Structure formats: structure tokens, C-alpha cells
Amino acid sequence: MPKEARPSTGEQAKQHALAQLRQAILHGEMAPAQRLVENELAEQFGVTRASIRAALIDLEAQGLVERIRNRGSRVRVVTVEEAVAITECRMVLEGLCASKAAVAASDEQLTVLADLGTAMTKAVADGEPMTYSELNQELHARIREFSGQRTAVELLERLNAQLVRHRFQLALRPGRPQHSLNEHLAMIETITARDPQAAEEAVRAHLTSVIEALRD
């Protein structure tokens, strides 16, 4: 939206600021513990401080921002212990989605998953950890989408948003993509075999491995 056409007040302005802030946090452009100064953000996004304040309240509810008494807002720091707890919740919900996808996905959607597996294998072979990480996120998103379990999808989107820093760190850890590749291929294989129980078990095995990596 051109700057001159951007609403500076009201609900549209808040939603604009909310979307921009959320994207910056999820893409790692704003680091954990970084202060979020209302005046600076209002100028940056061309909205009022009230719109920024309302957006920060929403982001706090989403677990992405925390308000420090007498110090304002900052990007929330998610500890390893919290990341493990979030991943334990993911294990239940993503296992459910994989089980549902094994039954509900169309043949065309199963082909999409298989193609992602091929691309992930190539990314590991080519030594491209960030490409692998992006494909990893797409695979999990597709499985959620193909499950048709909207409630689980909404809950997982909120949980996953809080793990952005830990996701980047794991993606760049030497040897991690090679280790997790077979886990992801097992997820794809069991879903495409239309075996819901095995698909759920494959997801749980993968996320158990993620928890072990987080604790290392």
C-alpha cells in the first residue's frame, strides 16, 4: 500500500501495524528482547501510537511480545524450557494433523508432499540448510492444511510463531538437516501410504528428536 494511501488511524491502521510487526518478528528481523518503542514504530509504519499500542496488545496475546513494567514492550524471549513445552504440545496437535491428512488428503496433495521430500533431500545433498529449513516449514504447513483440522491448524500457528528463534538456531546447527531428513521422509511415507497411526507415530518421533536437539 503506498504510504499516502495508508490509513494512519483506526482498525485498518492497527491491522497494518500488526501485520508488519508480526512479519518482522517471525522473519527474525526483530531479535528476542529487542525493545519496541511506540514512537519509533508509529513513525516507521505511518500510523499513530494508539494503533501501535493496540497492535502490541494483540501480539502480547499471541505470545510474541511481552510488556515489562515501567519499561514498555519488547520481543518476547522464549526459553529452552518453554520451547520444549511448546513442542510437546505441537507433538499432540501435529500428530493429529498427520493422522487426519493420511485419510483426507487427495492423491494430488500426496504428490505435493512427495515432491517436498525430493526437494528436501536435494537441499541436504547440496548443503543448503536455509533452503532445507524453508522446505521443512512448508512440509509441516502442508500437512496441517491437508488434514482439514482447522482448530488444530489455528492452535499450531500460534505455537509455531513463538519458536522462530529456536527454529533458526536448529536450522544452522551442523548436521541437523541430515539428522532430521529421514524423520521427515518417514512422515511423508506414512501419510502417502494412508496409514494414520504410523503417520502420527512418525510425527511424534520427529518432534521427540526436536526436543532432544533443543535440550542439547
Side-chain angles (χ1 to χ4, degrees), residues 18-19 21-36 55-68 73-101 116 120 129-130 132-173 175-177 179-184 186-188 190-191 196 199-216:
L18 177 62
L21 281 165
R22 192 173 193 277
Q23 183 178 36
I25 294 171
L26 295 184
H27 289 180
E29 296 164 13
M30 292 181 172
Q34 179 175 330
R35 287 191 63 214
L36 300 170
L56 291 174
I57 290 170
D58 279 10
L59 289 169
E60 183 180 14
Q62 294 174 24
L64 297 179
V65 165
E66 57 189 348
R67 299 176 78 83
I68 307 300
S73 298
R74 69 176 189 176
V75 178
R76 191 164 86 86
V77 176
V78 177
T79 66
V80 170
E81 291 77 15
E82 288 176 303
V84 167
I86 290 168
T87 306
E88 288 173 340
C89 294
R90 284 182 60 204
M91 191 183 297
V92 176
L93 293 168
E94 294 211 26
L96 171 64
C97 287
S99 175
K100 293 280 189 180
L116 280 169
M120 293 173 79
M130 292 313 297
Y132 178 83
S133 179
E134 291 169 3
L135 291 166
N136 175 0
Q137 298 310 307
E138 183 176 355
L139 173 64
H140 283 271
R142 291 289 191 172
I143 292 171
R144 295 194 297 269
E145 175 190 347
F146 298 162
S147 74
Q149 229 294 357
R150 291 185 181 180
T151 300
V153 170
E154 291 172 2
L155 291 168
L156 282 164
E157 285 178 354
R158 173 170 174 166
L159 291 173
N160 286 325
Q162 298 176 53
L163 294 174
V164 59
R165 178 174 70 94
H166 295 282
R167 187 172 73 235
F168 283 137
Q169 289 178 338
L170 286 182
L172 295 174
R173 184 178 297 180
R176 180 60 196 169
H179 182 84
S180 70
L181 176 61
N182 286 337
E183 298 165 2
H184 287 110
M187 289 163 50
I188 294 168
T190 51
I191 293 172
E200 181 172 357
E201 290 171 355
V203 168
R204 284 178 170 270
H206 165 56
L207 291 176
T208 297
S209 171
V210 170
I211 287 172
E212 291 171 355
L214 286 168
R215 285 176 167 153
D216 281 348

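Along the sequence shown, the residues carry numbers beginning at 1. Not measured: the values here are computed from a predicted model. Just so you know, these numbers use all the heavy atoms, side chains as well, and skip hydrogens, waters and symmetry mates.
In terms of heavy-atom proximity, S147 sits nearest to K100 at O-CB, 3.6 Å. A161 and L64 get closest at one heavy-atom pair: O-CD2, 3.4 Å. Considering all non-hydrogen atoms of both residues, L139 and L116 come closest at CA-CD1, 3.8 Å. Across all their heavy atoms, A98 and V203 have their closest contact at CB-CG2, 3.5 Å. A pairwise comparison of heavy atoms in T79 and H166 identifies O-NE2, 3.8 Å as the closest pair. Of all heavy-atom pairs between A199 and S99, the closest is CB-N, 4.4 Å.
S133 contributes no side-chain N or O that, together with a main-chain N or O of P129, makes up a donor-acceptor pair within less than 3.5 Å. Between the side chain of R215 and the backbone N or O of V80, no donor-acceptor pair lies under 3.5 Å.
Between L214 and V210 the shortest side-chain heavy-atom distance falls below 4.5 Å. Residues Y132 and L181 meet the side-chain proximity criterion, which asks for heavy atoms closer than 4.5 Å. Proximity of T208 to E212: side-chain heavy atoms (C-beta onward) are separated by under 4.5 Å at one or more points. Residues L156 and C97 form a side-chain contact, since some pair of their non-hydrogen atoms from C-beta on lies under 4.5 Å apart. With a 4.5 Å cut-off on side-chain heavy atoms, N160 and R144 count as touching. The side-chain heavy atoms of I25 and V65, taken from C-beta on, include a pair separated by under 4.5 Å. Looking at T151 and Q149, their side chains come closer than 4.5 Å, going by heavy atoms from C-beta outward.
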*Output, in order, the C-alpha distance, side-chain angles, deciding distance and verdict of side-chain contact (heavy atoms from CB on, under 4.5 Å) for E60 and E66.*
CA-CA 6 Å; E60 183 180 14; E66 57 189 348; 5.7 Å; no
*Evaluate side-chain contact (heavy atoms from CB on, under 4.5 Å) for H27 paired with V164, printing each intermediate quantity in order.*
CA-CA 8 Å; H27 289 180; V164 59; over 6 Å; no
*asked:* For L93 and V153: C-alpha separation, side-chain torsions, deciding distance, then whether side-chain contact (heavy atoms from CB on, under 4.5 Å) applies.
replied: CA-CA 8 Å; L93 293 168; V153 170; over 6 Å; no
_side-chain contact (heavy atoms from CB on, under 4.5 Å) for E200 and T190? Distances and angles first, verdict last._
CA-CA 9 Å; E200 181 172 357; T190 51; over 6 Å; no
*Dump the intermediate steps for salt bridge (Lys or Arg N to Asp or Glu O under 4.0 Å) on R158 and E154, then the final yes or no.*
CA-CA 7 Å; R158 173 170 174 166; E154 291 172 2; over 6 Å; no
*Assess whether salt bridge (Lys or Arg N to Asp or Glu O under 4.0 Å) is satisfied between R204 and E201, documenting all intermediate values.*
CA-CA 5 Å; R204 284 178 170 270; E201 290 171 355; over 6 Å; no
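Atom CD1 of residue I191 and atom CD1 of residue I143 lie 3.5 Å apart, to the nearest 0.5 angstrom. Here the CD1 atom belonging to I86 is positioned 4.5 Å from the CG atom belonging to L163, to the nearest 0.5 angstrom. Expressed to the nearest 0.5 Å, how far CD of Q62 lies from CG of L18 amounts to 6.0 Å. Once rounded to the nearest 0.5 Å, the distance linking OG1 of T87 with CG of L159 reads 9.0 Å.
Scored by the side chain to side chain contact (heavy atoms under 4.5 Å, CB included) test, A33 finds R74, V77 as partners (sequence neighbours excluded). Not counting sequence neighbours, the partners of N136 by the side-chain hydrogen bond (donor to acceptor under 3.5 Å, both in side chains) test are H140, H184. S209 is linked by a side-chain hydrogen bond (donor to acceptor under 3.5 Å, both in side chains) to R176, H179, E183, counting only residues two or more places apart in sequence or in another chain. Residues satisfying the side chain to side chain contact (heavy atoms under 4.5 Å, CB included) test with Q34, not counting sequence neighbours, are M30, A31, V75.
Applying the salt bridge (charged side-chain N to carboxylate O under 4.0 Å, His left out) definition to pairs two or more places apart or across chains, none involves residues 22-36. Note on residues 80-92: pairs passing salt bridge (charged side-chain N to carboxylate O under 4.0 Å, His left out), not counting sequence neighbours, are R76-E82, R90-E94.
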